[in-house]
Amino acid sequence: MHYAETLDALREQRLLRLCEVPESGLVNFSSNDYLGLAKDERLKQAAIEALEKEGTGASASRLITGTSQRVTDLEKELARWHGTEAALVFNSGYQGNLAILQGILNTGDWVFADRLNHASLVDGCLLSKAKLVRYSHLDLDDLEHKLSKAPVEATKWIITDALFSMDGDSPDFDKWVAIAEGYRANTLIDEAHSVGLYGNTSAGLCEQFNIGSQVTLQAGTFSKALGGFGGFVCGSNVLIQTLVNQARGFIYSTALPPAVIGSAQAAVTIVQADTALHEALWHNVTVFRNALKTLNLPVTTYESAIIPVIIGDADHALQVSEKLRQAGFIVRAIRPPTVPTGTARLRISITPAHRPEELTALANTLASILHR
Ligand SMILES: *Cc1c(COP(=O)(O)O)cnc(C)c1O
């Protein structure tokens with residue numbers, strides 16, 4: 001049995017991971033609930049209503065009897081919202097990406113993926129039979145160079161996170177879609193950390209950069225800014241039907257429970273209309289960024305609710321995280337392999353629920369720890 005030794009080695013390198021219950025009474029800066037919707041009364045009520053009407057479980061997979069009117073309504077709304085012909089809901093964002101990539105990529109296809117894409121996109125590519133080529137993070141010259149080496153006749157897909165959740169950065173979308181068009185490549189953009197947050201109706205960065213019609217598939221999750229659970233993808237009828245017929249993660253799993261779909265419906269409605277939540281979020285982001293700048297702490301140039309503070313060494317990152325905990329803040333250290341070796345970091349995420357004094361207190365504490 002080598003498992004115990006492997007765990008010991010991880011512990012020694014300070015890379016062992018544990019499931020810890022966050023201490024109550026601390027201010028949470030490590031949540032992906034960017035709009036605070038996970039505790040919103042409107043979402044709770046929608047979930048309760050759906051549960052009361054339809055019960056706790058969907059009782060079967062989507063292709064048997066698990067397709068409710070509620071989930072088809074949600075899919076129609078997702079498609080309308082994203083300006084696509086169709087949409088499909090998955091049991092999580094992770095499972096959705098595996099299912100999508102396994103379902104659309106065939107032997108002989110080439111898939112080009114940003115080197116820092118989310119694990120679910122990487123795993124989906126590996127699960128497929130396509131040839132996987134990874135290009136340097138956000139490096140579109142490298143992408144183009146690698147595309148130019150693929151056979152002209154091969155079906156090609158280019159895949160990226162819309163907003164990279166460990167840095168808060170994004171590709172140059174206009175250039176990215178232009179390159180894809182030049183090589184007649186299909187595209188998948190994963191809006192996990194951007195849906196609900198960007199664009200006129202909060203559909204995501206594809207909406208903000210007005211590239212939705214040029215992108216083949218837009219994927220997302222209900223589990224972050226939308227405050228619930230489950231994944232989805234929006235695209236053409238042909239591709240959605242292909243997934244319904246070929247995506248094993250979609251076919252062979254029980255449909256999401258009614259309460260989960262109910263809260264997703266409410267969230268989708270709310271983020272399109274409730275501008276106050278967004279204003280509160282961006283106001284808090286600005287307050288925190290300004291506090292960091294005043295204290296001479298490094299601030300990323302990207303306007304995002306995710307603010308990484310790169311520490312480098314995994315052990316050091318854990319120590320800073322622990323000191324912040326003692327000061328009353330939950331700021332988890334993010335270590336390899338989630339981020340590249342030598343770039344362990346604190347990942348601070350801001351929400352509308354943070355009070356101004358909490359934001360400045362975190363910045364001050366961070367400054368005193370790091371400048372010491
Ligand atoms: C979080 C995340 C996922 C997974 O979504 P879940 O609904 O949490 O499973 C997929 N893609 C990206 C880019 C993510 O950040």
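This one's a predicted model, so the numbers in the text were calculated from it and none came from an experiment. Indexing begins at 1, ligand by ligand and atom by atom, following the structure's order.
- By the 6.0 Å and 45° rule, Lys131 stacks over the aromatic ring of Trp110.
- Ion pairing of Arg62 with Glu75 is present here, as a side-chain N (NZ or NE/NH1/NH2) and a carboxylate O approach within less than 4.0 Å.
- For residues 47-70, no pair satisfies ring pair (Phe, Tyr, Trp, His ring centres under 6.0 Å), with sequence neighbours left out.
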Review item, side-chain donor-acceptor pairs of residues 49-59, under 3.5 Å, at least two apart:
unit_1	atom_1	unit_2	atom_2	d
Glu54	OE1	Arg70	NE	3.2
Glu54	OE2	Arg70	NE	3.1
Glu54	OE2	Arg70	NH2	2.8

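- Using a 4.0 Å cut-off between charged side-chain N and carboxylate O, Asp167 and Arg345 make a salt bridge.
- For Lys44, the salt bridge (charged side-chain N to carboxylate O under 4.0 Å, His left out) criterion is met by Glu41, not counting sequence neighbours.
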Need the list: ligand 1 N/O atoms against protein N/O atoms, distance under 3.5 Å, rounded to one decimal.
unit_1	atom_1	unit_2	atom_2	d
ligand 1	7 (O)	Gly93	N	2.8
ligand 1	7 (O)	Thr221	OG1	2.7
ligand 1	7 (O)	Ser223	OG	2.9
ligand 1	8 (O)	Ser223	OG	3.1
ligand 1	9 (O)	Gly93	N	3.2
ligand 1	9 (O)	Tyr94	N	2.8
ligand 1	11 (N)	His118	ND1	3.4
ligand 1	11 (N)	Asp190	OD2	2.6
ligand 1	15 (O)	His193	NE2	2.8
ligand 1	15 (O)	Lys224	NZ	2.8

